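Computation of the quantities below employed the complete heavy-atom set of this structure, encompassing side-chain atoms and omitting hydrogens, waters and symmetry-equivalent molecules. Values in this document were obtained by computation on a predicted structure and should not be read as measured data.
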Amino acid sequence: MSNHVEIFTDGACRGNPGPGGWGALLRFKDSEKTLKGAESDTTNNRMELQAAISALRSLSCPCKIQLTTDSRYVMDGIQQWLPNWKKRGWRTASKKPVKNEDLWRELDELVSAYEIDWHWVKGHSGHRENELVDQLANDAIDEMSLY
């Protein structure tokens, strides 16, 4: 697989729950594509998941992916918690239903189609791409509130 795509994602929420947005940047060779979206009543964690889902959904061919997020929730979920949730029938270690199960299932299905290297970056720390996707997420919230 010679196609290599870099993906950067972020979610934002004003109030938790409240209006939320997500942003993603996809980079392939010298091309960049941005995506964003918003929901009127959501949580920050749902927007973090939606950013990754929407970015992966937008891909049109097999590729190797480097996905960077500032969300420990997404990173820990995908790398540590998900296998055990599935073994336990989508229950946590304390036997409670997994929050955001619908989005976790969708992300799990999308992830299985790609080779993905997951990377975490500290949010609001001057990381260029993370700052850009944060701005996209907040722009999406602002644009939603205009309508």
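At a threshold of 4.5 Å between non-hydrogen side-chain atoms, the residues D139 and K36 count as touching. Under the 4.5 Å side-chain criterion, counting only non-hydrogen atoms from C-beta, T42 is not in contact with P19. I65 has its side chain out of reach of E115: every pair of non-hydrogen atoms, C-beta onward, lies at least 4.5 Å apart. Here the side chains of I7 and T68 are not in contact, with every heavy-atom distance at 4.5 Å or above.
Cluster membership check: L67 does not share its hydrophobic cluster with V121, using side-chain heavy-atom separations under 4.5 Å among Ile, Leu, Val, Met, Phe, Trp and Tyr.
Through side-chain heavy atoms spaced under 4.5 Å, either directly or across other Ile, Leu, Val, Met, Phe, Trp or Tyr residues, V133 is tied to F8, L25, L132, L136.
Every residue two or more places apart in sequence or in another chain that forms a side-chain hydrogen bond (donor to acceptor under 3.5 Å, both in side chains) with S94 is listed here: T92. Take E6 and apply the salt bridge (Lys or Arg N to Asp or Glu O under 4.0 Å) test, not counting sequence neighbours, and it matches R27. Looking at residues two or more places apart in sequence or on another chain, you find a salt bridge (Lys or Arg N to Asp or Glu O under 4.0 Å) between D102 and R46. A search for salt bridge (Lys or Arg N to Asp or Glu O under 4.0 Å) contacts involving K86 returns D108, not counting sequence neighbours. Applying the side-chain hydrogen bond (donor to acceptor under 3.5 Å, both in side chains) criterion to N84, with sequence neighbours excluded, gives no partner residue. Not counting sequence neighbours, E39 has no partner by the salt bridge (Lys or Arg N to Asp or Glu O under 4.0 Å) test.
Counting only residues at least two apart or in different chains, side chain to side chain donor-acceptor pair (under 3.5 Å) contacts with residues 116-128 comprise E32-R128. Annotation: ring-ring contact (aromatic ring centres under 6.0 Å, His included) contacts involving residues 64-83, sequence neighbours excluded, comprise Y73-W104, W81-W85. Counting only residues at least two apart or on different chains, the salt bridge (charged side-chain N to carboxylate O under 4.0 Å, His left out) pairs with a member in residues 7-20 are R14-D142. Applying the ring-ring contact (aromatic ring centres under 6.0 Å, His included) test to residues at least two apart or on different chains, none of the pairs has a partner in residues 35-57. Pairs engaging residues 32-69 under the ring-ring contact (aromatic ring centres under 6.0 Å, His included) rule: none recorded [sequence neighbours left out].
Note that CG of N100 and CG of L49 are 6.0 Å apart. Values are rounded to the nearest 0.5 Å.
Judged by distance alone, with hydrogens and angles left aside, the side-chain atoms of S54 form no donor-acceptor pair with the main-chain N or O of A51 at under 3.5 Å.
The pair E101-R105 counts as a salt bridge, with a side-chain nitrogen and a carboxylate oxygen less than 4.0 angstrom apart.
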